[in-house]
Amino acid sequence: LDPGFQLEILGILQQLNRKGKTIVIVLHDLVHALSLANRVILMASGQILSDMSPRALVESHLIDQVFGVSLQHHELGSETLYAIRPLPTD
């Protein structure tokens with residue numbers, strides 16, 4: 001899906017969740033998963049590595065270790081913005 005439709009569908013899922021519906025979704029986009037989920041299950045090579053809140057997962061730096069990226073987050077009011085960058089090479 002193009003970005004506009006992705007956000008539209010994810011917005012609909014958020015609305016359903018606010019109305020009390022349980023939503024289970026598989027995402028490969030870490031930014032969307034961290035931004036939208038109440039709970040994130042991190043998997044690699046078919047194994048569950050963690051099951052925690054997005055904030056706890058970010059603070060654990062597990063994403064950095066597992067995927068070899070630098071996950072950065074910034075608070076903007078009540079919203080958290082995420083950016084994923086390559087690890088610096090020395």
Side-chain angles (χ1 to χ4, degrees):
L1 296 173
D2 66 39
F5 284 121
Q6 287 179 32
L7 294 175
E8 182 178 340
I9 288 173
L10 292 171
I12 291 168
L13 294 174
Q14 281 184 307
Q15 289 174 3
L16 290 170
N17 184 250
R18 283 189 210 109
K19 292 179 180 179
K21 302 293 182 188
T22 298
I23 307 295
V24 176
I25 186 169
V26 176
L27 295 172
H28 291 263
D29 184 319
L30 293 172
V31 171
H32 282 173
L34 293 168
S35 299
L36 300 170
N38 299 321
R39 183 173 136 208
V40 178
I41 297 173
L42 181 66
M43 296 182 69
S45 301
Q47 301 295 314
I48 294 176
L49 303 178
S50 69
D51 178 354
M52 58 184 79
S53 72
R55 178 173 295 280
L57 182 57
V58 169
E59 291 172 355
S60 75
H61 299 283
L62 191 56
I63 290 173
D64 302 21
Q65 297 165 16
V66 170
F67 297 113
V69 296
S70 173
L71 174 65
Q72 300 169 353
H73 65 285
H74 306 280
E75 304 297 325
L76 183 62
S78 63
E79 191 173 5
T80 303
L81 304 177
Y82 299 96
I84 297 174
R85 302 177 187 270
L87 286 175
T89 56
D90 296 328

Can you see which heavy atom on [X] is nearest to which on [Y], and at what distance?
X   : Y   : result
P54 : N38 : CD-O, 3.5 Å
H74 : Q72 : NE2-CB, 4.2 Å
L42 : I63 : CD2-CG1, 4.3 Å
V66 : A44 : CG1-CB, 3.7 Å

In Å, rounded to the nearest 0.5 Å, how long is the span from [atom1] of [X] to [atom2] of [Y]?
X   : Y   : atom1 : atom2 : value
L57 : R39 : CG    : CZ    : 12.5 Å
L81 : E79 : CG    : CD    : 5.0 Å
L13 : H32 : CG    : NE2   : 11.5 Å

Membership question, hydrophobic clusters at under 4.5 Å side-chain separation (ILVMFWY): are F67 and I84 in the same one?
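Looking at the clustering, F67 is in the same group as I84.
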
Residue pair V40, L30: steps toward the side chain to side chain contact (heavy atoms under 4.5 Å, CB included) verdict:
CA-CA 10 Å; V40 178; L30 293 172; over 6 Å; no

Below 4.5 Å, heavy atoms only, C-beta onward: do T80 and L34 meet side chain to side chain?
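Sidechains of L34 and T80: no contact.
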
Side chains of V58 and Y82: does their closest heavy-atom pair fall under 4.5 Å?
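A side-chain contact under 4.5 Å exists here.
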
Backbone N/O of M52 and side chain of S50: donor-acceptor pair under 3.5 Å
no

Would you indicate whether Q47, at its atom CD, is surrounded by more than 12 heavy atoms from other residues, nucleotides or ligands within a distance under 6.0 Å?
no

